[in-house]
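When reading the values below, keep in mind they use all heavy atoms of this one structure, side chains included, and skip hydrogens, waters and symmetry mates.
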Amino acid sequence: MNRARKRILFRIMVTLLILLAALAGAFLFFQIQKKLTSKKKPDVLFSEYVDRIKQNDYQTMYTMLSDQSRLNISEEDFTARNKNIYEGLEVSDITVEITTVEYQDKKATLSYRMDLKTMAGDITFKNKAEYEKDKKNGYQLSWSDSLIFPELLNSDKVRISVDKAVRGNIFDRNGILLAGKGTASAIGLVPGKMSEDATSDLETLSSLLGVSADGIKKKLAAKWVKDDSFVPLKTLKKVDENNLNAPQPREDNVKNKEFQDKLLDIPGVLISDTPVRYYPLMESGAHLVGYVQNVTAEDIKEHPEEDYLTDSVIGRSGMEALYEKELKGTNGRTASIVDANGVEKKILAAKSRMDGVNITLTIDSNLQSSIYNAFLEDKSSTVAMNPVTGEILALVSTPSFDDNDFILGMSNETWDALNTDERKPMFNRFRQKFAPGSSLKPITAAIGLTTGAIDANKDYGSSGLKWRKDESWGNYYVTTLHDSSPLNLENALIYSNNIYFAKAALKIGSKDFMAGLDKLGFNQQLPFEITLAKSQYSNEGKIESEVQLADSGYGQGQVLMNPVHLASLYTMFTNEGNVLKPYLLYKEQPSPEIWISNASSPETAEIVKSGLMKVISSDHGTGHAINRADVTLAGKTGTAEIKASKSDTTGTELGWFVVTTTDKSMKTPILLVSMVEDVKNRGASGYVVRKDKDILDTYFLPE
């Protein structure tokens with residue numbers, strides 16, 4: 001035998017010896033533990049048993065039972081019984097206080113008090129545990145179902161009843177419903193009223209509802225279905241009968257009525273009312289209010305402690321998502337022991353339900369709808385704000401979608417149409433940032449006056465319709481549509497002169513200009529309930545050239561602003577230089593909260609406001625079309641060019657208009673910021689002015 005084979009045999013023998021030693025050690029350890037266990041007293045053993053309950057270790061619990069107990073119940077049944085009750089109740093924080101242990105012959109009776117927490121509340125009870133002793137194994141637990149709960153028999157069950165919380169409503173400032181309980185139409189079949197040979201009818205129904213004929217057959221074949229049962233198939237919007245009688249009923253409502261009439265022509269089809277979450281504003285409030293959907297397995301996994309059931313709903317967007325915790329409420333639960341016939345024997349614990357809280361917003365539904373209807377055909381965003389209190393009166397993004405479609409189950413056709421629409425109806429524009437154009441000029445003016453870089457009365461001198469600082473700019477010129485003389489701040493605002501504000505920005509300097517914008521919330525998260533895009537003055541966080549600085553002065557370059565942020569900054573001109581914090585939650589006694597104190601001096605704010613009033617009141621003002629005799633307004637137009645390069649002539653334009661009331665004592669003050677995409681060849685910002693005029697004409701109608 002060679003050396004290699006000898007070495008292999010030697011290693012095998014050593015390994016076998018090690019294994020034998022390990023087995024012997026384990027056997028010895030087991031015997032020692034067994035002897036130790038046999039010497040343990042009932043109170044120690046019971047504490048160990050309870051520890052195993054806490055660990056869901058039912059297998060070890062079973063080994064602690066007496067021989068007779070294990071003859072009475074199998075390990076499988078024991079495990080299932082304990083698991084179903086303890087884990088079904090989500091038992092936690094078990095504590096046991098052993099009060100007495102009484103010994104008699106080979107038995108011991110242990111009295112104890114147990115406290116535990118469950119999904120239905122806390123449970124406390126007093127009970128007894130019986131132990132039997134033999135010479136070989138020491139004390140062992142005599143188990144029965146009553147050890148779980150004193151009143152529990154082996155034929156009983158522990159039942160958990162759920163009292164579902166009612167989701168809170170969302171209201172506008174006037175108590176008008178924005179989200180709450182509504183009624184939809186459940187489309188279903190009554191088997192006893194169907195045709196004898198319903199094959200053709202099922203195919204027709206399948207085609208109309210967009211569900212498979214096989215799927216309908218499976219539902220009809222369910223065990224619970226009887227001849228007079230209503231078998232639901234799909235939920236549709238309820239036909240608005242009042243709207244049908246209107247002079248001009250909605251087209252979608254008329255089509256829905258025709259569709260449901262067609263369904264009713266099929267034998268066996270029944271349409272029944274069913275409660276649903278309802279959004280009365282539909283498209284006009286969808287981006288703001290949002291919608292709920294049924295929870296998924298992923299939702300339940302992500303929110304393990306938040307009491308979601310498999311048929312719960314969860315807010316997916318808008319206010320429904322933002323205030324999900326407040327709106328959802330807490331389900332009530334009752335844990336009870338019931339007998340074999342389902343009769344309740346004892347309530348173990350009960351937790352009352354807490355319905356969701358109703359949320360009231362600062363939104364004015366009528367204004368919200370008015371704005372939506374005005375910009376219905378546009379890609380736009382509008383913010384309406386109370387410039388005296390900071391209350392947000394409307395948040396609109398167009399085009400939009402009907403949030404009720406998500407409640408009823410959106411068809412693939414509708415979903416595809418929303419996602420392939422080049423106008424992006426699902427895109428929430430009031431949360432984004434856009435080039436502000438000339439709507440930034442009052443902000444530039446405020447920074448220039450605050451730093452002392454510009455003098456409101458100084459004539460900068462006419463430069464015509466195009467200007468460059470010097471030859472170092474090459475072929476790049478700042479252009480403007482209107483010149484004026486003198487070219488002071490007031491006229492620069494009235495005529496919206498780009499050259500004036502380009503020069504103003506250069507006088508301020510990039511360092512002070514960026515510092516001024518930073519003070520006004522650029523590159524910061526706006527303190528607002530909804531998360532909004534941060535406004536910026538540069539893609540890289542810094543204005544790096546004179547040309548970029550000059551362009552930034554009149555809202556071009558790389559400046560991008562969120563509409564809500566812009567609205568907030570304009571409040572400084574009606575609040576003595578203080579910028580108000582915008583907010584959405586309604587207060588009975590609204591009080592303004594200052595976001596940026598002393599953003600400008602009161603004198604600076606008054607100078608800029610005076611110029612903005614002339615933008616509206618002057619015949620030459622770019623916003624004169626909205627001028628009113630009954631209300632004093634201040635405002636600023638803005639047109640931002642969106643192009644690939646400075647020489648690009650094919651780019652589009654964004655149109656902006658900011659308009660605000662100036663009288664702080666008026667009953668219905670309002671500040672509007674509207675932005676419309678693609679206004680090139682449609683009147684630029686003048687297009688937006690005309691739309692906002694229609695909105696204010698309605699808003700200021702006498703009550």
Can you tell me how far apart [atom1] ([X]) and [atom2] ([Y]) are? Round to the nearest 0.5 Å.
| X | Y | atom1 | atom2 | answer |
| --- | --- | --- | --- | --- |
| Leu361 | Gln368 | CG | CD | 10.0 Å |
| Ser568 | Leu520 | OG | CG | 11.0 Å |
| Ile596 | Leu569 | CD1 | CG | 6.0 Å |
| Met666 | Thr661 | CE | OG1 | 5.0 Å |
| Ile508 | Phe501 | CD1 | CZ | 9.5 Å |
| Asn475 | Arg468 | CG | CZ | 7.0 Å |

Between the side chain of [X] and the main-chain N/O of [Y], is any donor-acceptor distance below 3.5 Å?
| X | Y | answer |
| --- | --- | --- |
| Thr698 | Asp694 | yes |
| Asp421 | Pro425 | no |
| Ser535 | Asn562 | yes |
| Ser538 | Glu540 | yes |
| Ser618 | His620 | yes |
| Gln558 | Gln548 | no |
| Asn404 | Tyr278 | no |
| Glu641 | Thr652 | no |
| Asn497 | His482 | yes |
| Ser397 | Arg429 | yes |

Is any side-chain heavy atom of [X] less than 4.5 Å from a side-chain heavy atom of [Y]?
| X | Y | answer |
| --- | --- | --- |
| Ile447 | Asp512 | no |
| Asn488 | Lys458 | no |
| Val608 | Leu449 | yes |
| Ser484 | Leu487 | yes |
| Leu393 | Arg173 | yes |
| Tyr586 | Glu391 | yes |

Could you tell me whether [X] and [Y] have a side-chain N and a carboxylate O separated by less than 4.0 Å?
| X | Y | result |
| --- | --- | --- |
| Lys693 | Asp697 | yes |
| Asp378 | Arg682 | yes |
| Glu320 | Arg277 | yes |
| Glu653 | Lys680 | no |
| Glu576 | Lys664 | yes |

Only one of Trp473, Tyr477, Tyr500 clears ring-ring contact (aromatic ring centres under 6.0 Å, His included) with Trp467; which?
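Only one of Trp473, Tyr477, Tyr500 forms a ring-ring contact (aromatic ring centres under 6.0 Å, His included) with Trp467, namely Trp473.
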
Taking all atoms of both residues into account, what is the closest heavy-atom pair of Ala504 and Ile454, and its distance?
CB-CG2, 3.9 Å

Does Lys507 count as lying over the ring of Tyr460, i.e. NZ or CZ under 6.0 Å from the six-ring centre, within 45 degrees of the axis?
yes

Has Lys587 got its NZ or CZ under 6.0 Å from the middle of the six-membered ring of Tyr583, at an angle within 45 degrees of the ring axis?
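Yes, Lys587 sits over the ring of Tyr583.
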
Hey, mind stepping through Ser674 and Asp692 against side-chain hydrogen bond (donor to acceptor under 3.5 Å, both in side chains) and telling me if it holds?
CA-CA 8 Å; Ser674 294; Asp692 279 351; 2.9 Å; yes

Show the numbers, then the answer: is there a side chain to side chain contact (heavy atoms under 4.5 Å, CB included) between Val679 and Ser685?
CA-CA 7 Å; Val679 294; Ser685 57; over 6 Å; no

Hey, mind stepping through Thr444 and Lys441 against side-chain hydrogen bond (donor to acceptor under 3.5 Å, both in side chains) and telling me if it holds?
CA-CA 5 Å; Thr444 301; Lys441 289 174 180 176; over 6 Å; no

Side chain to side chain contact (heavy atoms under 4.5 Å, CB included) between Met561 and Phe522, worked out
CA-CA 8 Å; Met561 284 205 74; Phe522 278 70; 3.7 Å; yes

Determine, step by step, whether Tyr476 and Asp551 satisfy the side-chain hydrogen bond (donor to acceptor under 3.5 Å, both in side chains) criterion, reporting the C-alpha distance in whole Å, the side-chain angles of both residues, the deciding distance to 0.1 Å, and the verdict.
CA-CA 11 Å; Tyr476 182 69; Asp551 285 344; 2.6 Å; yes

Candidates Leu526, Thr389, Thr571 - the one meeting side-chain contact (heavy atoms from CB on, under 4.5 Å) with Pro582:
Leu526

His565 vs Phe528, test: ring pair (Phe, Tyr, Trp, His ring centres under 6.0 Å). Steps then yes/no.
CA-CA 10 Å; His565 184 194; Phe528 187 52; over 10 Å; no

Under 3.5 Å, is there a donor-acceptor pair linking the side chains of [X] and [Y]?
| X | Y | answer |
| --- | --- | --- |
| Asp663 | Ser665 | yes |
| Gln524 | Lys534 | no |
| Ser438 | Ser496 | yes |

Greater than 12 external heavy atoms within 6.0 Å of Gln525's CD
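More than 12 within 6.0 Å, yes.
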
Looking at Asn539, I want to see if its CG is surrounded by more than 12 non-hydrogen atoms of other residues, nucleotides or ligands under 6.0 Å.
yes

Run Tyr291 and Phe406 through ring pair (Phe, Tyr, Trp, His ring centres under 6.0 Å) and show every step you take.
CA-CA 7 Å; Tyr291 55 88; Phe406 286 90; 3.8 Å; yes

Ring centroid separation His287 to Phe427 under 6.0 Å
no

Side chain to side chain contact (heavy atoms under 4.5 Å, CB included) between Tyr279 and Asp402: does it pass, once the steps are laid out?
CA-CA 8 Å; Tyr279 305 111; Asp402 188 348; 5.6 Å; no

Can you check side-chain hydrogen bond (donor to acceptor under 3.5 Å, both in side chains) on Thr662 and Thr632, steps first, answer last?
CA-CA 6 Å; Thr662 59; Thr632 302; 4.7 Å; no

